[in-house]
Protein chains: 2
Amino acid sequence: MISTDHSVKEQIVSTADRLFYRQGYNLTGINQIIEEAGVAKASLYYHFPSKEDLCVAYLKRRYEKWSSMLSRYLEGVSDPAKAIVRCFECRSEYLISNDFSGCSYIRIIAEMPQRSDKINQQAVLNKEKQHQFFIDQVKRMKDIPSDNVLDLANTIYLLFDGATVQSQVYRNVLPIENAIRALQKLI
Amino acid sequence: MISTDHSVKEQIVSTADRLFYRQGYNLTGINQIIEEAGVAKASLYYHFPSKEDLCVAYLKRRYEKWSSMLSRYLEGVSDPAKAIVRCFECRSEYLISNDFSGCSYIRIIAEMPQRSDKINQQAVLNKEKQHQFFIDQVKRMKDIPSDNVLDLANTIYLLFDGATVQSQVYRNVLPIENAIRALQKLI
DNA sequence: AAAAATTCAGACAAACCTGTCTGGCTGTAA
DNA sequence: TTACAGCCAGACAGGTTTGTCTGAATTTTT
């Protein structure tokens, strides 16, 4: 039960993750997912009641991938200012290794503008975690007056999303490099 | 001939503009467009060979709308630093009056990741015009060393896209206000 | 061994999609 | 008057979509 459950369900999620991220949610059909995953359609609907639920699993998976990659980039880094720069450097590698597909949370919101459903809630939740990361780092920085912490974190967060989106648009990491230069004047 | 031609084609484009921007390109069907526009399907395909071509017209229309709105915001403004702030204030009203649908160029690229077609070219072209606006304004600013012009313009451009995207995600204009605060420390 | 959970292949339903085509109507231009 | 541009309604083709269902096989748990 454990090994088979893991194998089939894992195969479905990882295939959906790859296709949703590369092609977009609306342009990826269930039939393509099951074909490339090598599983039966009934197996997919056994684990996920609907495509929508599979999408939520996809967004969670994206966060896990980003999060573990970021952890690797932060190994041995104790200075919070350095950690923020490393986060942007991580973003650069993340986008390169994912064919400049941008931010999955932003993209899913761009694709499905109607709100109040599971998908949008998960996307916004994930984005808030990114926001919180910058708040946490700035709080750890010395000589930042406490009433400026949120402002600085928000500015960094704006640069982060701007750089991610522009890297997707132009298909290169120059916007990330621009953001890092801007960062270094701020912190 | 002139009035009828204008009336029907214009009706198609303005309806497509509204629906593509609100619902997204892939979730909007030709049938919904012709129904809400009150025109025949043959009329739509008389003016536009394909949905793709209609989308290009939509992107051009979006630029016209943004551009004319920005011009109103810049009336009587001669100081370039003030013009940049006004551009962000304009963005705030633009997003509010469009139900926080974000940037149509970014969204279309997010929806259709495959490149080298007319749609992506038009989207990138429109984004480059936004970029160029900031470059032009920064160039007009006094006491900016010429080798810092591009860096400053790029930073502002990053804040602009970051604020636009986050306003769409969170459905409010707080990110724009954050960006304006960051701006005022830069210029 | 019996029961329950998991997986399979694939048909099927009902709805949608883009784009084409038929055939006819109207108004303007030559 | 003839010709053509513009527009109409709607059928149609050929494909796609998500999700359901059948019925059987396999694995795991009890």
Side-chain angles (χ1 to χ4, degrees), chain A residues 1-59 107-108 111-114 117-120 122, chain B residues 1-59 107-108 111-114 117-120 122:
Chain A
M1 186 249 236
I2 291 170
S3 73
T4 50
D5 174 86
H6 184 271
S7 174
V8 168
K9 186 168 183 177
E10 167 60 28
Q11 184 64 18
I12 293 169
V13 175
S14 74
T15 304
D17 173 61
R18 176 170 54 84
L19 294 176
F20 284 161
Y21 195 35
R22 186 199 296 159
Q23 304 179 344
Y25 176 74
N26 287 318
L27 293 179
T28 301
I30 292 289
N31 292 325
Q32 188 187 6
I33 293 171
I34 60 169
E35 188 188 338
E36 297 199 16
V39 303
K41 184 177 280 196
S43 301
L44 188 149
Y45 281 100
Y46 176 81
H47 289 289
F48 302 98
S50 68
K51 189 186 178 187
E52 199 183 2
D53 293 275
L54 181 56
C55 184
V56 172
Y58 151 67
L59 292 174
R107 277 183 63 195
I108 210 70
E111 278 197 86
M112 320 204 50
Q114 63 281 26
D117 59 357
K118 308 174 205 170
I119 292 175
N120 274 281
Q122 186 65 48
Chain B
M1 186 247 242
I2 291 169
S3 73
T4 49
D5 174 83
H6 183 271
S7 173
V8 168
K9 185 167 184 177
E10 167 61 27
Q11 185 63 18
I12 292 169
V13 174
S14 75
T15 303
D17 173 61
R18 176 171 52 85
L19 294 177
F20 284 161
Y21 196 34
R22 186 198 297 160
Q23 304 178 345
Y25 176 74
N26 287 319
L27 293 179
T28 301
I30 291 289
N31 292 325
Q32 188 187 6
I33 293 171
I34 60 170
E35 189 188 340
E36 296 199 18
V39 303
K41 184 178 280 197
S43 302
L44 188 150
Y45 281 99
Y46 175 81
H47 290 288
F48 301 97
S50 69
K51 190 187 178 187
E52 200 183 1
D53 293 275
L54 181 55
C55 183
V56 172
Y58 151 68
L59 292 175
R107 278 182 61 196
I108 211 71
E111 278 196 86
M112 318 203 52
Q114 62 281 29
D117 59 356
K118 307 174 203 170
I119 292 176
N120 274 281
Q122 186 66 48

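Numbers restart at 1 for each chain; the letters A, B, ... are given by sequence-line order, proteins then strands. Treat the numbers as computed from the prediction; the structure is a model and nothing was measured.
The CG atom of A:L54 sits 10.0 Å away from the NZ atom of A:K9 when rounded to the nearest 0.5 Å. The distance from the CD1 atom of B:I34 to the NZ atom of B:K41 is 5.5 Å, given to the nearest 0.5 Å. Here NZ of A:K118 is found 11.5 Å from CD of A:Q122. Values are rounded to the nearest 0.5 Å. Once rounded to the nearest 0.5 Å, the distance linking CD of A:Q23 with CZ of A:R18 reads 8.5 Å. Separation of atoms OH (B:Y21) and CG (B:L59) is listed at 11.0 Å; rounding is to 0.5 Å.
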Write down the protein N/O and nucleotide N/O pairs, taken from nucleotides 16-23 of chain C, whose separation is under 3.5 Å; answer none if there are no such pairs.
residue, atom, partner, partner atom, Å
C:dT18, OP1, B:K51, NZ, 2.8
C:dT18, OP2, B:I30, N, 2.7
C:dG19, OP2, B:Y45, OH, 3.2
C:dG19, OP2, B:K51, N, 2.9
C:dG19, N7, B:K41, NZ, 3.4
C:dG19, O6, B:K41, NZ, 2.6

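B:L44 has its CG atom 17 Å from the P atom of D:dG10, to the nearest Å. One can place CD of B:E35 at 11 Å from P of D:dA9, the figure rounded to the nearest angstrom. As rounded to whole Å, 13 Å separates atom P of C:dT7 from atom CD of A:E10. We find that OH of A:Y46 is positioned 13 Å from C1' of D:dT26, with the value rounded to whole Å. Atom CD of A:Q11 and atom P of C:dT7 are 12 Å apart (whole Å).
B:K51 forms no cation-pi arrangement with B:Y58, by the criterion of a distance under 6.0 Å to the ring centre and an angle within 45° of the ring axis.
Side-chain atoms of A:S14 and A:D17 form no donor-acceptor pair, as typed in the model, at a separation below 3.5 Å.
OP1 and OP2 of C:dT6 both lie 4.0 Å or more from every side-chain N or O belonging to A:S43.
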Checklist entry - Could you go step by step and tell me if A:Y25 and A:R107 meet the side-chain contact (heavy atoms from CB on, under 4.5 Å) rule? => result CA-CA 9 Å; A:Y25 176 74; A:R107 277 183 63 195; over 6 Å; no
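Recorded end-axis angle for the helix from C:dA1-D:dT30 to C:dA30-D:dT1 stands at 10°, based on five pairs per end and rounded to 10 degrees.
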